[in-house]
Amino acid sequence: MTATLLSNAADQSLRARAAKVVPNGMYGHESTILLPASYPQFFQRAEGAHIWDADGNRYLDFMCAYGPNLLGYNNRRVNDVATAQLALGDTMTGPSPHFVELAEALVGMVSHADWAMFCKNGTDATTMAMTAARAQTGKRRILVADGAYHGAAPWCTPIPFGVVPEERAFIAKYHYNDIASLEAAVAEAGDDLAAIFAAPFKHDAFVDQLLPDPAYARRARELCDQTGAMLIVDDVRAGFRLIRDCSWELVGVRPDMSCWGKSFANGHPISALLGNDRCRMGASQIYATGSFWFAAVPMAAGIETLKILRESDYLEQSIRLGTVWRDGLDRAARDHGFVLRQTGPVQMPQILFEDDPDFRVGFAWGEAMLQRGVYVHPWHNMFFCAAMTEADIAFTLDAADYAFGAVRAQLGSLEPHPVVMMMLGAMAGEH
Ligand code: PMP
């Protein structure tokens, strides 16, 4: 099969208009500035496992909106409930009864949790966790793993333009999975340690993913118990994608708080901070609110999504399909003389190329996949959704075979991407 050249006239026109009325035309990782040139910026529609760009090109979407799409876009059951609630009311003067039911549902599913608080974005949840930990302990220092993403607030944004050092004065780093570095950071914090943050597994951009070493997770728990600090698992990205519980149940460690977002209402805008009774007082003291945090529609959608998660085999299916994909991609890459580094859980795969330090091969592969109607990401972990089928996986493996061949044919003429080079330089400087 050959590739078709995709039209992008509508996307180009939107970009030109955006450049005039939006700084840089786009911001955050939704900007395609860090993606291959042919990646579309704007999308008009999504259904099941597919997205349509502004020009009407359809892609099988392995980004799932960077995580929120867990059951499939426009899931009928979730959206019927959401639409029914919308007809009744959404943002009102106070929350709807769904507020209580959703808190009960989450506390019922997540073993470590005794309480829930709702907010809008993952950054709200991680920032509230930090604040609640400080309120609870009366201490200041927060430990985070270097390279981990916890959101876009001044205390944690990876690109700190406009952030003054004082805003990060009490944030210190350790290396994920490295007990000695964690112990050293705890010792350094002395009697001023408020919290240790941990991602459920290392899912940083641009690098291989790493599953948590259970000994590291247990040590983090012990250190918090010894010092009185709060252990916080940031499950915003991986929540309910590894287990129907907090992800660290898989390593037998219960945090004091966990942060949730993205997928538990299948794309409806809501996030949550869950916690145990050790930090209920701190959580009850902080001032936390937002105009849209109590909206009824996302809460109704969340309750229905959680029901589906409990009733269906969405998780087992994503692991089954993810395994077929990983094995098939490995074989197809080898057939064309490439070695892939596929890391992390199969249902949240990071796919990098061996011997591709400036990502030029990965970018070219992504562009070739896109031409064949598959949206993959060259440096961020990807996601499976429950709407993906065996036929979809077979389709992508066929596309991958084409794409590896296409990249092999242009290998000598590939160029590094200037913005990615800048980004990698900045990351190297920070470490
Ligand atoms: N934590 C993690 C682990 C995330 O992946 C993200 C978002 N990618 C966030 C926090 C922040 O979430 P949001 O973008 O919804 O603020």
Side-chain angles (χ1 to χ4, degrees), residues 26-31 34-35 61-70 110 117-133 142-160 163 171 173 176-177 195-207 209-212 217 220 231-243 246-248 250 255 257-274 288 290 292-293 295 298 301-302 305 343-345 347-350 377 379-385 423:
M26 187 49 60
Y27 36 88
H29 55 261
E30 286 73 13
S31 165
L34 276 167
L35 283 173
D61 175 24
F62 280 96
M63 283 316 287
C64 292
Y66 284 82
N69 173 28
L70 176 57
V110 176
M117 294 170 80
F118 298 110
C119 32
K120 201 82 310 191
N121 281 285
T123 308
D124 300 330
T126 55
T127 303
M128 273 163 67
M130 175 183 73
T131 312
I142 306 287
L143 304 188
V144 296
D146 50 12
Y149 186 73
H150 295 299
W155 70 272
C156 57
T157 175
I159 306 190
V163 175
I171 309 289
K173 301 285 173 84
Y176 196 88
N177 264 353
I196 298 175
F197 267 86
F201 64 97
K202 185 178 160 83
H203 47 34
D204 306 350
F206 293 102
V207 296
Q209 302 192 109
L210 213 54
L211 296 180
L231 181 60
I232 301 166
V233 167
D234 180 355
D235 241 337
V236 168
R237 196 181 313 177
F240 295 132
R241 287 186 173 275
L242 310 184
I243 183 173
C246 175
S247 294
W248 267 18
L250 289 169
M257 284 181 269
S258 56
C259 308
W260 298 74
K262 292 198 185 276
S263 69
F264 75 81
N266 203 45
H268 289 269
I270 186 164
S271 61
L273 175 61
L274 307 185
F292 301 106
W293 286 15
T305 301
T343 55
Q347 68 275 36
M348 290 181 69
Q350 173 84 305
H377 203 293
W379 50 259
H380 191 286
N381 77 267
M382 293 177 260
F383 304 86
F384 277 64
C385 75
M423 183 81 188

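Every number for a ligand or one of its atoms is a count from 1 in the order of the listing. Since the structure is predicted, the reported quantities are computational estimates derived from the model, not experimental observations.
Proximity to His203 (heavy-atom distance under 4.0 Å) selects the following atoms of ligand 1: 3 (C).
At the top of the distance list for atom 12 (O) of ligand 1, counting protein heavy atoms only, stands Gly122 CA, 3.2 Å. Ranking protein heavy atoms by distance to atom 1 (N) of ligand 1, first place goes to Asp234 OD2, 2.6 Å. Taking atom 8 (N) of ligand 1 as the reference point, the nearest protein heavy-atom neighbour is Lys262 NZ, 3.1 Å. Ranking protein heavy atoms by distance to atom 14 (O) of ligand 1, first place goes to Thr123 OG1, 4.4 Å. Given atom 5 (O) of ligand 1, the protein heavy atom at minimum distance is Arg237 NE, 2.8 Å.
When every heavy atom of Gln350 is checked against every heavy atom of Ala205, the shortest pair comes out as NE2-C, 4.4 Å.
Aromatic pair Phe62/Phe384: ring centres closer than 6.0 Å.
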Kindly indicate, with the supporting measurements, whether the criterion side-chain contact (heavy atoms from CB on, under 4.5 Å) is fulfilled by Arg241 and Leu70. CA-CA 8 Å; Arg241 287 186 173 275; Leu70 176 57; 3.7 Å; yes
Would Phe206 and Trp379 count as a ring pair (Phe, Tyr, Trp, His ring centres under 6.0 Å) if you check the C-alpha gap in whole Å, the side-chain angles of each, and the deciding distance to 0.1 Å? CA-CA 5 Å; Phe206 293 102; Trp379 50 259; 4.3 Å; yes
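The residue Tyr66 has no part lying near ligand 1, judged by heavy-atom distances below 4.0 Å.
The residue from Thr123, Thr157, Asp234, Thr126 that alone fulfils the side-chain hydrogen bond (donor to acceptor under 3.5 Å, both in side chains) condition with His150 is Asp234.
In this pair, His380 and Tyr66 present their aromatic rings perpendicular. The plane angle is above 60°, beyond the 30 to 60° band.
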